[in-house]
Amino acid sequence: EPEVTQTPSHQVTQMGQEVILRCVPISNHLYFYWYRQILGQKVEFLVSFYNNEISEKSEIFDDQFSVERPDGSNFTLKIRSTKLEDSAMYFCASSVTSGSGFTEQYFGPGTRLTVT
Amino acid sequence: LAKTTQPISMDSYEGQEVNITCSHNNIATNDYITWYQQFPSQGPRFIIQGYKTKVTNEVASLFIPADRKSSTLSLPRVSLSDTAVYYCLVGPRTVTDKLIFGTGTRLQVFP
């Protein structure tokens, strides 16, 4: 069964450093998302991406965040200058439009980001 | 998006049927009800979606009464591997919509 993959599984970085989290969505999917989950808290939406542009972003997704689909397979989330409060599990998800106009979002296993 | 209310936690034993009810009193006409499952340290996984009456797949059943103000996710004969957090989401069925997760129901299955 096709699946969303994410790398690395765990990233440790120092405050103020830039990090890039990578995702490979399912190959025929057209819509891409990033979510995050701070330990013990809810899964929170960050951004959705379609047709090489951001469709929607949350208040969390400020100027320190950016997303890119540099080629036909990867989808990346960049945090320019990490803060302690960016420590969380980051999930990539993808979905594809079906004939009925909706299908579920498929989530990757996540990248645990630890900012020290 | 409609606000949902579900129990914070539930306990069960292997082999039992588990029913998790979600309340969504202000559900809109074009809203669908979707359930996701999340195992520890993993991403959420779609379980089932419905609009009204009953939907069944190989994993679960979803019961939705006529007024659609609540729904019940039914897991038949749970096993230890069903221990997870279960989320009820209510919203329009559009492909670009973000998912809004609540705190979910933490199901613990005991041997």
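Per chain, numbering begins at 1; letters A, B, ... match sequence-line order.
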| request: Sort A/Gln41 into side chain, backbone, both or neither according to what part of it lies under 4.5 angstrom from a heavy atom of chain B. | output: neither
| task | Can you tell which part of A/Phe49 gets under 4.5 Å to a heavy atom of chain B, answering side chain, backbone, both or neither? | result | neither
| request: Flag yes if B/Tyr13 and B/Tyr86 sit in one hydrophobic cluster, no otherwise; membership is Ile, Leu, Val, Met, Phe, Trp, Tyr, and two members link when side-chain heavy atoms are under 4.5 Å apart. | output: no
| message | Measuring only between side-chain heavy atoms, which start at C-beta, is A/Val43 closer than 4.5 Å to B/Tyr87? | response | yes
| said: Working to the nearest 0.5 angstrom, can you tell me the gap between A/Glu104 CD and B/Arg45 CZ? | reply: 10.5 Å
| query | When clusters are formed by joining ILVMFWY residues with side-chain heavy atoms under 4.5 Å apart, either directly or through shared neighbours, do B/Val18 and B/Leu80 land in the same one? | reply | yes
| said: Nearest 0.5 angstrom please: B/Gln42 CD to A/Gln37 CD, how far? | reply: 11.5 Å
| query | Any residues in residues 80-88 of chain A near chain B, with a heavy-atom distance under 4.5 Å, and which are they? | reply | none
| request: Inspect the surroundings of CZ in A/Arg69 and state if more than 12 heavy atoms from other residues, nucleotides or ligands are less than 6.0 Å away. | output: yes
| Hey, any chance B/Ile48 and B/Val78 share a hydrophobic cluster, counting ILVMFWY side chains that come within less than 4.5 Å of each other, even indirectly? | yes
| field | Close approach to chain B in residues 108-116 of chain A, criterion heavy atom under 4.5 Å | value | A/Gly108, A/Pro109, A/Arg112
| Of all residues at least two apart in sequence or in a different chain, which pass the side-chain hydrogen bond (donor to acceptor under 3.5 Å, both in side chains) check with B/Ser81? | B/Ser79
| query | Would B/Ile27 end up clustered with B/Ile20 when hydrophobic side chains under 4.5 Å apart are linked, directly or stepwise? | reply | yes
| field | Spatial distance of atom NZ (B/Lys98) from atom OG (A/Ser55) [nearest 0.5 Å] | value | 11.0 Å
| remark: Expected contact set for residues 101-111 of chain B against chain A at heavy-atom separation under 4.5 Å reads B/Phe101, B/Gly102, B/Thr103
| said: I'd like to know if A/Phe65 and A/Val47 are part of one continuous hydrophobic network [Ile/Leu/Val/Met/Phe/Trp/Tyr, side-chain heavy atoms within less than 4.5 Å]. | reply: yes
| query | Which value, rounded to the nearest 0.5 Å, describes the distance between B/Leu99 atom CG and A/Phe45 atom CZ? | reply | 9.0 Å
| query | Does some side-chain heavy atom of B/Tyr36 sit less than 4.5 Å from a side-chain heavy atom of A/Gln105? | reply | yes
| query | Take atom CG in A/Asn28; do more than 12 heavy atoms of anything else shown fall under 6.0 Å from it? | reply | yes
